[in-house]
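A quick write-up on the structure given underneath.
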Amino acid sequence: MALLKILHYPDPRLRTIAKPVEHFDDELVKLVADMAETMYDAVGIGLAATQVNVHKQVIVMDLSEDRSDLKVFINPVIQKASDQHVAHQEGCLSVPGVFDEVQRPDLIHVKAQELNGKTFELEAQGLLAVCLQHEMDHLNGKVFVDYLSRLKQGRIKTKLQKAEKLATADSVPPLY
Ligand code: GNR
Ligand code: NI
């Protein structure tokens, strides 16, 4: 297993559209294991492959209190979404330190595949629905800040670019 590097907004690679998984092989098993390790290490509730610069339709998630219920969604598709929307406070491992409200359909019907290729369907509501839509957006090159005002997007970009600069400066200390 290995920890993967999480891309940070506004990295243009977060805009890449993920391709469907075709081969349910050992390479996919390794990717899912590494993504799960990375998600647990970062204390997130979900992670899309896009965020670790792998552009395949793969999502890992664990909404359990004790982090013991790993869920894997390969090639997910929303088959139906309710007209009724609900607001939820969202955060993102690719947008550290930023939390804001996003409106999304309250109830969704999703079809996806398991790690072994088996197809399953589920009806999601509440946090599961929010998280699934947030992760599926990543696979489509979308980040939750895209739903916020241009003013907020600009402020978030500036804040994260400054943080990135500081992090780079810290890792290369001056000689004197
Ligand atoms: O850890 C995460 N928490 C979260 C909270 C509210 C709505 C969505 C999320 S997903 C996020 C992890 C992440 O960035 N996944 O892409
Ligand atoms: Ni995210």
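Positions are given from 1 along the sequence.
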Show the atom names and distances, to 0.1 Å, of all donor-acceptor pairs under 3.5 Å that link a side chain in residues 17-28 to residues at least two apart or in another chain.
residue, atom, partner, partner atom, Å
Asp25, OD1, Glu27, N, 3.4
Asp25, OD1, Leu28, N, 3.1
Glu27, OE2, Lys56, NZ, 3.1

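Distance check, rounded to the nearest 0.5 Å: CD of Glu37 to CE of Met1 gives 4.0 Å. Note that CG of Leu127 is 4.5 Å distant from CD1 of Ile45, once rounded to the nearest 0.5 Å. The CD atom of Gln161 sits 10.5 Å away from the CG atom of Asp11 when rounded to the nearest 0.5 Å.
Heavy atoms of other residues, nucleotides or ligands lying less than 6.0 angstrom from CD of Gln89 number more than 12.
Leu7 is not listed as a side-chain neighbour of Gln51, based on a closest heavy-atom distance of 4.5 Å or more. Side-chain contact between Val60 and Leu70 is present, with heavy atoms from C-beta onward closer than 4.5 Å. At least one side-chain heavy atom of Leu122 sits under 4.5 Å from a side-chain heavy atom of Phe73. Looking at Cys92 and Val98, their side chains never come closer than 4.5 Å, going by heavy atoms from C-beta outward.
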Exercise. Evaluate side chain to side chain contact (heavy atoms under 4.5 Å, CB included) for Ile59 paired with Met61, printing each intermediate quantity in order.
Key: CA-CA 7 Å; Ile59 291 166; Met61 200 180 292; 4.0 Å; yes

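Under the 4.5 Å side-chain heavy-atom criterion for grouping Ile, Leu, Val, Met, Phe, Trp and Tyr, Leu14 is connected to Val102 within one hydrophobic cluster.
Just one of His109, Lys111, Glu123 meets the side-chain contact (heavy atoms from CB on, under 4.5 Å) condition when paired with Lys80; it is His109. Results of the side-chain contact (heavy atoms from CB on, under 4.5 Å) test with Gln57 over Thr50, Val77, Ile74, Asn75 single out Asn75 as the only residue that passes.
In this structure, the side-chain contact (heavy atoms from CB on, under 4.5 Å) partners of Arg15, at least two apart in sequence or on a different chain, are Tyr9, Val143, Asp146.
Of the N and O atoms on the side chains of Asp106 and Gln84, not one donor lies less than 3.5 Å from an acceptor on the other residue. One side chain, Asn53 or His55, offers a donor N or O that lies under 3.5 Å from an acceptor on the other.
Cation-pi geometry between Lys152 and Tyr147 is not met: the NZ or CZ atom fails to fall both under 6.0 Å from the ring centre and inside 45° of the normal.
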